[in-house]
S.K.: 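Okay, here's the structure, questions in a sec.
The basis for the numbers below is simple: all heavy atoms, side chains too, and nothing from hydrogens, waters or symmetry mates.
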Amino acid sequence: MKLATLILLGLLIYGVLTTHFTVRKSRSSQERAAALRVSVFAWMIGLGLIVAFLVLPNKHRILMLAPMFLGAVTVVKVWQSTRARIRREQQEMVDLDHMKRVN
C-alpha cells in the first residue's frame, strides 16, 4: 500500500504542476478560462476515478485501468482541440484588424 500511496502522491504533484503551467502558458483570458474549466473537470473526474480505484477489489482495479487511460487521453485531446480553436479564432481577429483601412 505504501507504493500505491507514493504513486498517487507523485500523480497529485504532477497534476498540480501541469495545471499551474497550463494556466500560466495561456495567451488570453478566454484561453485561460477554458484551461481552468478543463482542469476543474479533469480534477473532478480524476478524483472520482481514484476513489473508485481505491475502493474496488484487486481484480476490478485492473479492469478500471483501461477506462482511466481512455478518459485521460480524451481529456487531453479535447483540451488540445479547444486551445487550437481559441488560438485560431484570435488569429483571425488579429488578421481582420490588420486588413482594416487606415483612413
S.K.: For the residue pair Val38 and Val75, establish whether any side-chain heavy-atom pair is separated by less than 4.5 Å.
M.R.: yes

S.K.: Stepwise, does the side chain to side chain contact (heavy atoms under 4.5 Å, CB included) test hold for Ile86 with Thr82?
M.R.: CA-CA 6 Å; Ile86 290 171; Thr82 302; 3.9 Å; yes

S.K.: With sequence neighbours excluded, what pairs up with Ile7 under the side chain to side chain contact (heavy atoms under 4.5 Å, CB included) test?
M.R.: Leu3, Leu11

S.K.: Apart from Leu36 itself, which Ile, Leu, Val, Met, Phe, Trp or Tyr residues share its cluster (side-chain heavy atoms under 4.5 Å, direct or through members)?
M.R.: Val23

S.K.: Using the side-chain hydrogen bond (donor to acceptor under 3.5 Å, both in side chains) rule, collect all pairs that involve residues 9-25, keeping only residues at least two apart or in two chains.
M.R.: Thr19-Trp43

S.K.: So how far is it from Met64 CE to Phe69 CZ, rounded to the nearest 0.5 Å?
M.R.: 15.5 Å

S.K.: Can you run down the salt bridge (Lys or Arg N to Asp or Glu O under 4.0 Å) pairs that involve residues 66-83, sequence neighbours left out, and say none if there aren't any?
M.R.: Glu31-Arg83

S.K.: Identify, with sequence neighbours excluded, every residue that meets side chain to side chain contact (heavy atoms under 4.5 Å, CB included) alongside His60.
M.R.: Leu56, Pro57, Leu63

S.K.: Who else is in Met44's hydrophobic cluster (ILVMFWY, side-chain heavy atoms under 4.5 Å, direct or via others)?
M.R.: Val40

S.K.: In chain order, what residues pass the salt bridge (Lys or Arg N to Asp or Glu O under 4.0 Å) check against Arg85, with sequence neighbours excluded?
M.R.: Glu89

S.K.: By side chain to side chain contact (heavy atoms under 4.5 Å, CB included), which residues pair with Thr74, not counting sequence neighbours?
M.R.: Val78

S.K.: Rest of the hydrophobic cluster containing Val55 (Ile/Leu/Val/Met/Phe/Trp/Tyr, side-chain heavy atoms under 4.5 Å)?
M.R.: Val51

S.K.: Could I get the full list of side chain to side chain contact (heavy atoms under 4.5 Å, CB included) partners for Ile13, not counting sequence neighbours?
M.R.: Leu9, Leu17

